[in-house]
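Right, one structure below, let's go through it.
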Amino acid sequence: PGYVAEQLLGFFAPAKTPGAIIGRLNEEARRALQKVQARDRLLALAGVAVVLRGTLGGPTQEIDLPVRLPRVHVAAGARRLPEGEVFRAMLRRGWDPYTETIVEDDFPGQPRAGSGRPIEHRIHALSFTNNTVTIDVESSQAGYLVLADSNYLGWRAYVDSRPTAIFTANFLFRGIGLFLRLRKRTL
């Protein structure tokens, strides 16, 4: 009572994307989000734990989502898909973000397939400032670190002070390759 808090989630496309593609993405998203299971899966991928639903002056309903991904996780492998197929692949029941991250054309090189099992990893520390994200992670093997923040131009990544490429992971998040069992990553 006495306050309003809103967070909007949206999908974005590059400037000058043809209207037909925008229309198709919009239709796909609308169709997918009408299914409760698909909507809950997308919210879980974005790390949303609780949804509040209500109207101004009316009662508020709290909906706890039983499963959600942490802000940072490590995926065992990666698979490249064309831009229009990523969203659909993420909604498939069998897709597991801990065993596979889905990458697009900005991924450097050839993605490595995972073993089909999640990687043991531990996030020791996660800190944010206005223009840095520092992640201290320990991983049992090489994989892909995924940060559930929107990926956009201007960010640079370093693994133990060495530059590394950032790619779009799982439709809209930031990802970097963990090719060694190093610990500190800064984005």
Side-chain angles (χ1 to χ4, degrees), residues 3 5-12 38-52 62-81 86-87 89-91 95-104 106-109 111-187:
Y3 66 90
E6 292 183 9
Q7 179 177 351
L8 301 175
L9 298 175
F11 299 105
F12 300 90
R39 184 181 61 233
D40 288 353
R41 183 168 180 82
L42 287 175
L43 290 170
L45 288 169
V48 175
V50 177
V51 173
L52 299 175
E62 181 178 313
I63 303 166
D64 292 315
L65 299 177
V67 177
R68 70 181 170 98
L69 279 178
R71 186 80 180 265
V72 178
H73 72 277
V74 177
R79 176 171 48 126
R80 185 188 317 266
L81 289 177
V86 174
F87 185 65
M90 291 172 56
L91 294 176
W95 179 68
D96 179 0
Y98 285 106
T99 59
E100 176 184 69
T101 187
I102 300 174
V103 300
E104 299 177 30
D106 65 347
F107 184 84
R112 288 178 291 99
S115 63
R117 295 186 320 271
I119 291 177
E120 289 183 38
H121 67 280
R122 183 170 174 213
I123 308 300
H124 294 282
L126 175 63
S127 62
F128 294 86
T129 68
N130 288 341
N131 58 3
T132 64
V133 179
T134 303
I135 304 164
D136 185 358
V137 61
E138 185 175 7
S139 179
S140 63
Q141 64 189 61
Y144 298 97
L145 183 137
V146 177
L147 173 64
D149 280 356
S150 296
N151 188 23
Y152 52 89
L153 297 177
W155 283 93
R156 292 183 301 253
Y158 301 89
V159 175
D160 290 339
S161 302
R162 288 179 289 209
T164 190
I166 298 175
F167 57 86
T168 303
N170 303 338
F171 193 67
L172 66 123
F173 300 133
R174 279 182 259 173
I176 63 171
L178 302 179
F179 301 110
L180 303 171
R181 291 175 60 186
L182 302 173
R183 285 199 36 180
K184 198 163 204 167
R185 282 76 174 134
T186 302
L187 291 157

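Heavy-atom neighbours of R80 CZ from other residues, nucleotides or ligands within 6.0 Å: above the threshold of 12. More than 12 heavy atoms of other residues, nucleotides or ligands sit less than 6.0 Å from atom CZ of R112.
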side-chain contact (heavy atoms from CB on, under 4.5 Å) between V137 and V72: does it pass, once the steps are laid out?
CA-CA 9 Å; V137 61; V72 178; 5.8 Å; no
Could you please spell out the steps behind the side-chain contact (heavy atoms from CB on, under 4.5 Å) verdict for N170 and V103?
CA-CA 6 Å; N170 303 338; V103 300; over 6 Å; no
Under the side-chain contact (heavy atoms from CB on, under 4.5 Å) criterion, do D106 and N151 qualify, and how do the steps go?
CA-CA 11 Å; D106 65 347; N151 188 23; 3.8 Å; yes
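Rounding to the nearest 0.5 Å gives a distance of 11.0 Å between OG of S150 and CH2 of W155. Rounded to the nearest 0.5 angstrom, L147 CG and I166 CD1 are separated by 9.0 Å. From S140, atom OG reaches atom CD1 of I119 across 6.0 Å, with rounding to the nearest 0.5 Å. Within the model, atoms CD1 of I176 and OH of Y144 stand 12.0 Å from one another, a figure rounded to the nearest 0.5 Å.
The two residues P97 and A75 make their nearest non-hydrogen contact at O-CB, 3.4 Å. Smallest separation of non-hydrogen atoms from P118 and T99: N-CG2, 3.5 Å. Residues P111 and G109 come closest through the heavy atom pair CD-O, 3.8 Å.
Under the ring-ring contact (aromatic ring centres under 6.0 Å, His included) criterion, H73 pairs with Y98, not counting sequence neighbours. Looking at residues two or more places apart in sequence or on another chain, you find a side chain to side chain contact (heavy atoms under 4.5 Å, CB included) between E100 and R79, W95, I102. Not counting sequence neighbours, the partners of A169 by the side chain to side chain contact (heavy atoms under 4.5 Å, CB included) test are T101, V146, F167. Qualifying side chain to side chain donor-acceptor pair (under 3.5 Å) partners for T164, counting only residues two or more places apart in sequence or in other chains: none. When the side chain to side chain contact (heavy atoms under 4.5 Å, CB included) test is applied to S127, the partners found at least two apart in sequence or on another chain are T134.
Using a 4.5 Å heavy-atom cutoff, the side chains of N130 and F128 are not in contact. Two residues are said to be in side-chain contact when any heavy atoms from C-beta on lie closer than 4.5 Å; E104 and L81 fail this criterion. At a threshold of 4.5 Å between non-hydrogen side-chain atoms, the residues I123 and D136 do not count as touching.
H121 and E138 form no side-chain donor-acceptor contact under 3.5 Å, judged by distance and modelled atom types alone.
Applying the salt bridge (Lys or Arg N to Asp or Glu O under 4.0 Å) rule to pairs touching residues 140-152 yields R71-D149, D149-R174, sequence neighbours excluded.
At least one donor-acceptor pair under 3.5 Å links the side chain of T129 to the backbone N or O of T132.
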